[in-house]
Amino acid sequence: MFLLDKRTGDLVRVVEIEELFNPLKDLIWGRDQAGEEEQDPTVFAKEHLVFPSGEPLPRCWVDVHYRDATMARETAGRAT
């Protein structure tokens, strides 16, 4: 999978896709695609990565607490 580094505009090939999906991981290993040859693996912060279209990564990939508010409402609704 390729993502875009917002800071440089370079494409990044994700090395371990599971790291990308895990909201507990803030960093992922990727290979910068700048230049003619693929670069050595480097650590990238998810906060600097977006899809090549410019769309941000899904919240469930970057925020471990993305469902906290929903769960609190559901729990409160059951208590009444």
Side-chain angles (χ1 to χ4, degrees):
M1 171 182 276
F2 289 95
L3 297 175
L4 186 70
D5 186 332
K6 295 186 292 188
R7 300 167 302 162
T8 64
D10 294 338
L11 285 176
V12 173
R13 184 172 62 83
V14 177
V15 174
E16 294 293 333
I17 198 79
E18 293 81 15
E19 291 178 337
L20 183 60
F21 303 147
N22 186 343
L24 297 173
K25 301 264 186 181
D26 294 330
L27 305 172
I28 65 160
W29 283 97
R31 291 180 179 264
D32 194 330
Q33 301 296 301
E36 292 183 22
E37 294 183 19
E38 188 172 66
Q39 305 301 307
D40 291 332
T42 307
V43 174
F44 292 88
K46 285 186 189 178
E47 66 184 285
H48 299 299
L49 299 173
V50 295
F51 289 105
S53 65
E55 183 180 351
L57 299 178
R59 187 170 169 208
C60 62
W61 292 5
V62 295
D63 181 5
V64 72
H65 299 287
Y66 77 102
R67 290 207 44 177
D68 286 356
T70 303
M71 295 302 290
R73 282 193 304 272
E74 289 177 8
T75 303
R78 289 186 206 142
T80 55

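In this chain, residues are counted from 1 in sequence order.
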_Count I, L, V, M, F, W, Y as connected when their side-chain heavy atoms are under 4.5 Å apart, and connections chain through other members. Are V62 and M1 then in the same cluster?_
yes

*So how far is it from Q33 CD to Q39 CD, rounded to the nearest 0.5 Å?*
8.5 Å

_Exercise: identify the closest heavy-atom pair between L20 and L57_ = CD1-CD1, 4.0 Å

*Look at the side chain of K46 and the backbone N and O of K25, then say whether any donor-acceptor pair between them is shorter than 3.5 Å.*
yes

_Path from F2 to V14 over hydrophobic side-chain contacts below 4.5 Å_ = no

_Is there a path of hydrophobic side-chain contacts, each under 4.5 Å between heavy atoms, that joins I28 and I17?_
yes

*Can you check whether E38's main-chain N or O pairs, donor with acceptor, with R31's side chain at less than 3.5 Å?*
no

*What closest approach, in Å, do P23 and C60 show between heavy atoms, and which atom pair accounts for it?*
CB-O, 3.4 Å

*Does some side-chain heavy atom of D10 sit less than 4.5 Å from a side-chain heavy atom of L4?*
no

_I'd like to check D32 versus D5 (side-chain heavy atoms, cut-off strictly below 4.5 Å). Are they in contact?_
no

*Could you tell me which non-hydrogen atom of P52 sits nearest to which non-hydrogen atom of L3, and how far apart they are?*
CD-CA, 4.2 Å

*Output every pair passing ring pair (Phe, Tyr, Trp, His ring centres under 6.0 Å) with a member in residues 6-44, not counting sequence neighbours, ordered by first then second residue.*
F21-W61

*Within the distance-only criterion (no hydrogens, no angle test), does the side chain of T42 pair as donor or acceptor with the backbone N or O of D40 below 3.5 angstrom?*
yes

*Indicate if V15 and L27 have the same hydrophobic cluster label, given that clusters are the connected sets of ILVMFWY residues with side-chain heavy-atom separations under 4.5 angstrom.*
yes

